[in-house]
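Residue numbers start from 1 in every chain, and the chains themselves are labelled A, B, ... in the order their sequence lines are given, proteins ahead of strands. All of these numbers come straight from a predicted model, not from anything done at the bench.
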Protein chains: 2
Amino acid sequence: MVTLESFLNRLNQVGTLDDLDTAILSLSDELNVEHVVYHSVNSSGDQYAVTTYEPHWVDHYLGSDYARIDPVVQACLRRFHPVDWKRLDWSGKAARNFMQEAVTAGVGNQGFSIPIRGPSGQFALFTVSSKDTDDTWVKYTEEYTRALILASHYVNQKALEIEKGTDQADIVTLSPRETDALTMLALGYNRAQAADSLSISEHTLRVYIESARFKLAAMNTTHAVARAMNQGLLRV
Amino acid sequence: MVTLESFLNRLNQVGTLDDLDTAILSLSDELNVEHVVYHSVNSSGDQYAVTTYEPHWVDHYLGSDYARIDPVVQACLRRFHPVDWKRLDWSGKAARNFMQEAVTAGVGNQGFSIPIRGPSGQFALFTVSSKDTDDTWVKYTEEYTRALILASHYVNQKALEIEKGTDQADIVTLSPRETDALTMLALGYNRAQAADSLSISEHTLRVYIESARFKLAAMNTTHAVARAMNQGLLRV
DNA sequence: CTGCCCCTCCCTATATATGGGGAGTTGATA
DNA sequence: TATCAACTCCCCATATATAGGGAGGGGCAG
């Protein structure tokens, strides 16, 4: 089993985003692939990406908002386990054209992408890709899957740590009743029903909602619920 | 490095929840701990739990809604990386009392909990705990962390797979405009502002919202946004 | 023991969202 | 080429949420 011991050790020394960049980029050798990509989006929409892809492909991808049609991204948003590109559904014009372009841009025909979810709605993708035959790739993924999962975990952990000095999410705390109130609203109840479910008056409920809205700096109820969910404050 | 090879192989054979139960419970030997807990909550609120804790402790925990004050749960909700219990903040009356009760119930004084996040807002905890000295525990976690991360990943993967036949999330797709509309609302804009931002009439916007609400089987806008976010349909 | 946060209740306008209709254009897929 | 889904626009009445006040009791930490 591949352990990536030296990479994980190097990662431990990383203190800045630049270090992390270097460490991630150096991974392609260790992992025996042509390309490595780490791309993270947090709940504020801030993005951080490291990639060995051609800059013009990256620009084109972002400019065309390809994340919307990229089957890899779509699959990763819905799955928990890593995704082998060739096991996805590539029928559909948009997907085929996209793959065509990607291959032309040197991305490689084989790829393996790991979805990573962090607190506060953070979502990241860790991808390795190469030009390879199906057989070689099957063996590769069998051998490397666990190492890739661990690598992605530690890379993401490090990225979060650097981003906020720690991997702790922003400390906005709602009182139990505020959480209750937002939870009921997130479940689709209107204020009357929510108040009823919580056995309090609608007036009281409203106080909680307003208080929560204030804490979350939200403009309205929907916004408050969205922010609370993004920050992992609501278990709906 | 500990690899848990035999556990992961056994996990591969698992086909039912009962099998999974057995496999998880058998882990305590392999992991050299007294207790193992796997507890998953999905976006529908369905829960699945396997634990070696005393049933009366589990009942008491659930009945008292201890998840709300349990510092381990609270930390896991906010963190990405595994949590060593003793590195948490145990000041505060509620937390200390809780820990006291837990120890009395045979949970053990040392523990290590791994937060796991899946698609559609799924959240799970994988915990090992024991009665041990601090020194022993430090060595233990150093040696086992990677194995525990992998084990938690595969256990969760298996649980998702069994739950829905696959680890794919429910297939509800929103059209781009529907997504846009919900996104603007989740960002706190009201309908007029949202319509303006998307350069469409408010009437049109409303059609998208209603359509999205229908697809998501939501009772109102807030509900629709909540469901969409829970299902990973919105990147806010 | 004091301040701070949480829980609970009340009123009245006004702004905003919802429900239920109908209809024409484009684009892709079958 | 036919069909389906997505995108766009419009009206009207009603239900619901929001904004702005104010007020008392309880618990916990410094």
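Whole-Å rounding puts the A:L185 CG to D:dA17 C1' distance at 10 Å. As a whole-Å value, the separation of B:M219 CE from D:dA15 C1' is 15 Å. Between the P atom of C:dC5 and the CD atom of A:E178 lies a distance of 12 Å, rounded to the nearest Å. Between the CD atom of B:Q193 and the P atom of C:dA15 there is a distance of 15 Å, given to the nearest Å. Atom CZ in A:R213 sits roughly 8 Å away from atom C1' in D:dA17 (whole-Å rounding). Distance, B:N97 CG to D:dC28 C1': 13 Å, rounded to whole Å. With rounding to whole Å, B:F214 atom CZ is found 12 Å from D:dA6 atom P. Atoms CD1 (A:I209) and P (C:dC9) sit 14 Å apart, rounded to a whole Å.
Applying the ring-ring contact (aromatic ring centres under 6.0 Å, His included) criterion to B:Y140, with sequence neighbours excluded, gives B:W137, B:Y144. Listed by chain and number, the residues in a side-chain hydrogen bond (donor to acceptor under 3.5 Å, both in side chains) with A:S211 are A:E178 (sequence neighbours excluded). B:T127 meets the side-chain hydrogen bond (donor to acceptor under 3.5 Å, both in side chains) test with B:S113; sequence neighbours excluded. The side-chain hydrogen bond (donor to acceptor under 3.5 Å, both in side chains) check on A:T204 picks up A:S201, with sequence neighbours excluded.
Considering every non-hydrogen atom in both B:S40 and B:Q122, the closest pair reads OG-NE2, 3.0 Å.
Taking only side-chain nitrogens and oxygens, A:K215 comes nearer than 4.0 Å to OP1 or OP2 of C:dC6.
Residue-level contact check: B:S211 touches neither bases nor backbone, having no heavy atom under 4.0 Å from any strand.
The side-chain hydrogen bond (donor to acceptor under 3.5 Å, both in side chains) pairs that include a residue from residues 98-107 of chain A are A:H60-A:E101, A:Y66-A:E101, where partners are two or more places apart or lie in different chains.
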Item checked: Footprint string (nucleotides 8-14 of chain D, 5' to 3'): B base within contact, S backbone only, - free, heavy atoms under 4.0 Å -> BBBBB--
